[in-house]
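What follows is one structure encoded as structure tokens, with my remarks underneath.
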Amino acid sequence: MVKVDLSGAAQFLTEAGPDYALAEIAHKTLSDRTGLGKEFTGWLELPQRIKDTELPEILKAAELIRSRSKALVVIGIGGSYLGARGAIELLKPIPGENDPKVFFVGNGLSADALSDTLRQLGDMDFDVNVISKSGTTLEPAAAFRIFRVLLEKKYGDKANEHIFATTDAHKGVLKGLADEHGWPAFVVPDDVGGRFSVLSAVGLLPMAVAGIDVAKVIDAAIEEFKALDLRSPENPAWQYAAARQCLYNKGYAVEILGSYEPSFRFMAEWWKQLYGESEGKDAKGIFPASVEFTADLHSMGQFIQSGPRILMESIVRFTHSRDSYVFPFEEADSDGLNYIAGRDMADVCKVAADAVKEAHISGGVPNMVIEVPRRDEEGFASLVCFFEMACAISGYMSGVNPFNQPGVEAYKKNMFRMLGKPGAV
């Protein structure tokens, strides 16, 4: 289970400390389904639901893809790809010998990026997993047309056998196409918003193709959500949500999420969507940003240490490293590094993290540490459940609907009008 250490934020909180009474109310609002957006809280039971329904078919589809293809092209944007990409880069940053390469497209409109992906794909055998609730979002819809053409050129009348759709269960353009062409179709649940959907087929199919044990992920998520139902200030989701709201009320309006594992980068991108889209509304919200330590200490470190005091810092730390590497001894000590000779690099990194924490606190940056035992399937599941639960509680504590995103449509209207889409205004 995730643990939260607030010792580095204690001196920056109000005298009363985190408002756990309000966190309790927010948790009850969430669990009783009495708050704004209650119709989108199905993620709370999603792991058990998936285990009881779609999981066997997801695993079957993943095994088929793994048996015949060298690549899977995942087409989606926002919550339709960030969770899966975060999971794969965290858990499988280097594909195994028998693992297909997973490409993520449809999350932008860059011709250069598309061309780069096509060059990497080359003449590999590949399958496509297109993920969209409606099938009409421009970026993934455009990419899907392009890759459907490629499939038809490569496989002819067998092209449809290489397409897997993850979409609405009953309606929408993509659902209609799947029914018409006989594509296997998985469900984007009606009661789960995209940014909360990683533990559905949206995230699980690409993860399984990449070689991640998604059955283990789901079992761990079921147990983590049970543990996070604790109605007490000992609940790490309460601690994190209440502390960040307390700091926000004192003027710390930007939260930077960091980790000392480079493989965490896209998990941070998933977190940014989760919190930005859930809390940034009604002229309220903590701005979510991310850093990669120690690298960004040599680029953003100055701003964090000595810039305007609007930052709070949350650090994800994995207690146990996957691997061990002992720093070598050199007789001549020509580089002067023998003072760390014989020490495991994981230990050196831990000391660096402790030093950074101390420096940032002394510089006026509240510091929260989110501890995860290991960088594995259970650790990933724990982080997802923890961040989702804390996000919903934090949103309700701030008085917003954590499950809508009314501001997302503004740019689309302008874009469709400028591109000349029929009926656009």
Side-chain angles (χ1 to χ4, degrees), residues 42-76 79-81 83-88 90-92 95-96 98-102 104 125-133 158 160-172 174-175 177-194 196-226 376-385 388:
W43 51 273
L44 285 165
E45 58 266 358
L46 183 58
Q48 186 65 60
R49 188 197 309 174
I50 285 292
K51 184 174 183 177
D52 294 341
T53 56
E54 282 192 306
L55 186 58
E57 289 303 312
I58 292 171
L59 294 173
K60 181 179 177 181
E63 188 55 39
L64 173 61
I65 295 168
R66 287 175 59 84
S67 71
R68 71 184 181 190
S69 291
K70 295 296 184 181
L72 173 68
V73 176
V74 178
I75 301 174
S80 294
Y81 93 101
R85 185 163 185 179
I88 292 169
L90 182 71
L91 303 179
K92 299 282 287 190
N98 298 316
D99 294 330
K101 174 74 174 176
V102 180
F104 292 93
D125 282 312
F126 72 98
D127 285 275
V128 166
N129 178 205
V130 55
I131 306 169
S132 177
K133 184 75 170 171
K158 299 288 187 181
N160 284 323
E161 297 177 11
H162 290 264
I163 297 175
F164 299 80
T166 306
T167 187
D168 192 276
H170 309 290
K171 61 184 185 299
L174 184 55
K175 172 60 176 173
L177 287 170
D179 289 344
E180 178 184 351
H181 296 287
W183 306 330
F186 298 97
V187 175
V188 180
D190 288 337
D191 57 356
V192 179
F196 287 86
S197 67
V198 64
L199 298 179
S200 72
V202 170
L204 295 177
L205 179 56
M207 290 162 59
V209 172
I212 294 170
D213 188 341
V214 297
K216 189 178 290 185
V217 169
I218 288 299
D219 284 341
I222 291 170
E223 294 306 312
E224 188 71 13
F225 271 135
K226 288 178 182 177
D376 57 12
E377 282 87 351
E378 289 88 349
F380 167 78
S382 294
L383 273 173
V384 167
C385 297
E388 288 181 346

Inset, instruction - Walk me through it: do His170 and Asp190 pass the test side chain to side chain contact (heavy atoms under 4.5 Å, CB included)? - result: CA-CA 10 Å; His170 309 290; Asp190 288 337; 4.1 Å; yes

Any side-chain heavy-atom pair from [X] and [Y] closer than 4.5 angstrom?
X      : Y      : result
Ile88  : Phe104 : yes
Arg49  : Asp191 : yes
Asp219 : Lys51  : yes
Val217 : Leu199 : yes
Phe164 : Ile65  : yes
Val198 : Glu388 : yes
Ser200 : Val192 : no

Taking all atoms of both residues into account, what is the closest heavy-atom pair of [X] and [Y], and its distance?
X      : Y      : value
Ile131 : Pro206 : CD1-CG, 4.5 Å
Ala61  : Leu205 : CB-CD1, 4.1 Å
Ala208 : Val214 : N-CG1, 3.7 Å

Distance (rounded to the nearest 0.5 Å) between [X] [atom1] and [Y] [atom2]:
X      : Y      : atom1 : atom2 : value
Ile75  : Ser80  : CD1   : OG    : 11.5 Å
Asp376 : Ile212 : CG    : CD1   : 11.0 Å
Leu59  : Ile218 : CG    : CD1   : 9.5 Å

Inset, instruction - With side chain to side chain contact (heavy atoms under 4.5 Å, CB included) as the test, would you mind laying out the steps for Glu223 and Glu378 before giving the verdict? - result: CA-CA 10 Å; Glu223 294 306 312; Glu378 289 88 349; over 6 Å; no

Inset, instruction - Apply the test side chain to side chain contact (heavy atoms under 4.5 Å, CB included) to residues Val128 and Trp183: give CA-CA distance (whole Å), side-chain angles for both, the deciding distance (0.1 Å), then the verdict. - result: CA-CA 11 Å; Val128 166; Trp183 306 330; over 6 Å; no

Inset, instruction - Could you walk me through whether Val188 and Thr166 pass side chain to side chain contact (heavy atoms under 4.5 Å, CB included), step by step? - result: CA-CA 6 Å; Val188 180; Thr166 306; 3.9 Å; yes

Would a distance-only check, ignoring hydrogens and angles, find a side-chain to backbone donor-acceptor pair under 3.5 Å from [X] to [Y]?
X      : Y      : answer
Thr167 : Lys133 : yes
Glu377 : Lys216 : no
Glu54  : Ala201 : no

Inset, instruction - For the residue pair Trp43 and Phe225, categorise the inter-ring angle as parallel (less than 30°), tilted (30 to 60°) or perpendicular (more than 60°). - result: tilted

Inset, instruction - Test Asp127 against every option in Lys158, Arg66, Arg68 by the salt bridge (charged side-chain N to carboxylate O under 4.0 Å, His left out) rule and name the one that passes. - result: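 With Asp127 as partner, Lys158, Arg66, Arg68 yield a single salt bridge (charged side-chain N to carboxylate O under 4.0 Å, His left out), made by Arg68.
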
Inset, instruction - Take atom NZ of Lys92 as the centre, draw a 6.0 Å sphere, and report whether it contains more than 12 heavy atoms from other residues, nucleotides or ligands. - result: yes

